[in-house]
Amino acid sequence: MYERIAGAVHAAETIAVFMHVRPDGDSVGSALATKKFLSNLSKKVDVYIENIGELRKNLAILPGFDSIGKPKLKKYDLGIALDCATAGRLGNACSGIYFSRCAERAVIDHHSVGDVSFADISVKEPAAASTTQILFKIFSEIDASAIDLDVATCLYAGLITDSGALTFSNTSEETLYVALELSKYGVDRNFLIQKLFKEERPEVFRLKIRVLSRAEFLCGGKCGFIAFRSEDFAETGTTDLDTEGIINNIINIEGVVLAIAASEKDANCFQVSVRAKNGVSAAAFAEIFGGGGHVCAAGCRIFKGGDEALEELKSAAERFMEGIK
């Protein structure tokens, strides 16, 4: 089933693994699992990210986290982009320079939209809850004996990140099967869920309370909207990376089917996270602003500043919801 990617892996001696910008648990878990798996096969493997400052602190618990860095070789036999629906998600330097220098390029992804033609080999499975779900199957086909506890831990972290700890609608029978198989390696599931979902710093708690207290509800309560402003980060000692997961407090409210969280990156840009349920597509809303993602979770950016950006987002949400029956 995975003959092309398996053949490329077996033929390569040096391999570069790339994660997307603003990496989540699936992106980081995929990259670190791939590095350890390929290293177990005696390959020379390096893991890269466009901006190392975008790594979330809670992901530092994953085995091999400290190995993430910048390119060490000028050229690699194989480059593997993980959890990337488009070349742009790799970032300018990684996609434009380092990834393009690889003699052969592969992409493994689970997003329903995007263009993976930037790679020579593509494995795209939109039905998978996470990229790590796909990787487990690929690793098992290449050489199951090279899967160890570290590999399984990183794969499991990615699996629960993108499936909401196996609670989202993208959790299929295959997802549950992969989770079961990974647990057999001795993965500490409770520890991962505690660190990746439950535990938060006092600063993040203050940020959450501050922003949620200003939540707005549009479209008769069907759309929830929150905004993180620069002063929120400054006064709580946090950054936009600390907003991860706070939007779930909005989408979990009874009656809300679309949740939008806008995070101010600078004077002219907001990073936008979107969540949806009950048949509403988060990806469809994100596409209005050139973004994308999954039915239940997506993201985009709006390149305007201050109240103008927030009002445009809210107006777009109202128009979008008018088309939802």
Side-chain angles (χ1 to χ4, degrees), residues 1-20 23 26-50 62-65 67-91 93-111 114-126 128 130-155 158-159 178 181-182 185:
M1 181 176 177
Y2 302 110
E3 292 86 358
R4 287 197 67 192
I5 186 66
V9 165
H10 285 305
E13 293 184 5
T14 58
I15 301 173
V17 177
F18 299 85
M19 64 183 72
H20 62 66
D26 187 28
S27 181
V28 177
S30 293
L32 294 179
T34 300
K35 174 180 171 58
K36 186 57 163 61
F37 174 79
L38 295 176
S39 296
N40 290 345
L41 294 176
S42 300
K43 307 293 182 180
K44 165 64 178 173
V45 190
D46 294 317
V47 176
Y48 302 131
I49 182 176
E50 177 82 352
L62 296 183
F65 184 85
S67 68
I68 300 170
K70 293 293 183 181
K72 298 179 178 64
L73 302 179
K74 291 184 178 180
K75 190 172 183 179
Y76 291 82
D77 298 328
L78 176 65
I80 304 176
L82 296 165
D83 202 34
C84 293
T86 64
R89 288 289 286 156
L90 287 171
C94 279
S95 63
I97 301 175
Y98 305 120
F99 188 71
S100 63
R101 285 178 180 169
C102 297
E104 192 166 24
R105 295 168 295 278
V107 59
I108 302 170
D109 181 54
H110 72 125
H111 293 89
D115 179 9
V116 293
S117 62
F118 64 94
D120 306 303
I121 302 169
S122 64
V123 178
K124 190 176 180 69
E125 298 183 11
S130 68
T131 298
T132 60
Q133 180 175 325
I134 306 169
L135 287 173
F136 175 74
K137 296 186 294 179
I138 293 174
F139 294 171
S140 297
E141 186 165 310
I142 292 176
D143 187 347
S145 68
I147 302 175
D148 59 17
L149 176 57
D150 286 349
V151 173
T153 296
C154 293
L155 291 177
L159 192 70
V178 171
E181 291 301 303
L182 291 174
Y185 289 88

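It should be emphasised that the depicted structure is a prediction, and the values quoted were computed from it without experimental measurement. The analysis underlying the following values was restricted to heavy atoms, covering all of them including side chains, and did not include hydrogens, waters or symmetry mates.
- Heavy atoms only, all atoms of each residue included: Glu181 and Phe136 are closest at CB-CZ, 3.6 Å.
- Looking at residues two or more places apart in sequence or on another chain, you find a side chain to side chain donor-acceptor pair (under 3.5 Å) between Arg89 and His20.
- What you find for Gly158 and Thr132 is that their closest heavy atoms are C-OG1, 3.4 Å.
- Across every non-hydrogen atom of Leu32 and Pro63, the tightest pair is CD1-O, 3.6 Å.
- Note that the CD1 atom of Ile108 and the CG atom of Leu135 stand 5.0 Å from one another [nearest 0.5 Å].
- Taken to the nearest 0.5 Å, the OG atom of Ser30 stands 10.0 Å off from the CG atom of Leu159.
- Using a 30° and 60° split on the angle between ring planes, Phe37 and Phe139 fall in the parallel class, below 30°.
- In this structure, Ala81 and Leu90 approach most closely via the heavy-atom pair CB-CD2, 3.9 Å.
- A side-chain contact (heavy atoms from CB on, under 4.5 Å) with Met19 holds for exactly one of Val28, Asp26, Leu82; it is Val28.
- Remark: Arg101 CZ to Leu73 CG distance equals 11.0 Å, nearest 0.5 Å.
- Asp77 contributes a side-chain N or O that, together with a main-chain N or O of Thr14, makes up a donor-acceptor pair within less than 3.5 Å.
- Considering only heavy atoms from C-beta on, Tyr2 comes within 4.5 Å of Lys137 through its side chain.
- Between Ile134 and Lys124 there is no side-chain heavy-atom pair separated by less than 4.5 Å.
- Residues forming a side chain to side chain donor-acceptor pair (under 3.5 Å) with Glu141 (at least two apart in sequence, or on another chain): none.
- No side-chain donor-acceptor contact under 3.5 Å links Thr131 to the backbone of Asp109.
- Shown here are the side chain to side chain donor-acceptor pair (under 3.5 Å) partners of Lys36, two or more places apart in sequence or in another chain: Asn40, Asp148.
- Considering CD1 of Ile80 and CG of Leu38, their distance stands at 5.5 Å, rounded to 0.5 Å.
- In terms of the side chain to side chain donor-acceptor pair (under 3.5 Å) criterion, Lys43 has no residue partners (sequence neighbours excluded).
- With hydrogens and angles disregarded, a donor-acceptor distance shorter than 3.5 Å links the side chain of Ser130 to the backbone of Gln133.
- In this structure, Ile138 and Val9 have side chains that are not in contact, with every pair of non-hydrogen atoms separated by 4.5 Å or more.
- Scored by the salt bridge (charged side-chain N to carboxylate O under 4.0 Å, His left out) test, Asp83 finds no partners at all (sequence neighbours excluded).
- Nearest heavy-atom pair across Phe99 and Ala119 is CZ-CB, 4.5 Å.
- For the atom pair CD1 of Ile147 and SG of Cys154, the computed distance is 12.5 Å after rounding to the nearest 0.5 Å.
- When every heavy atom of Leu41 is checked against every heavy atom of Ala146, the shortest pair comes out as CD2-CB, 3.8 Å.
- Every residue meeting the salt bridge (charged side-chain N to carboxylate O under 4.0 Å, His left out) condition with Lys44, not counting sequence neighbours, appears here in chain and number order: Asp46.
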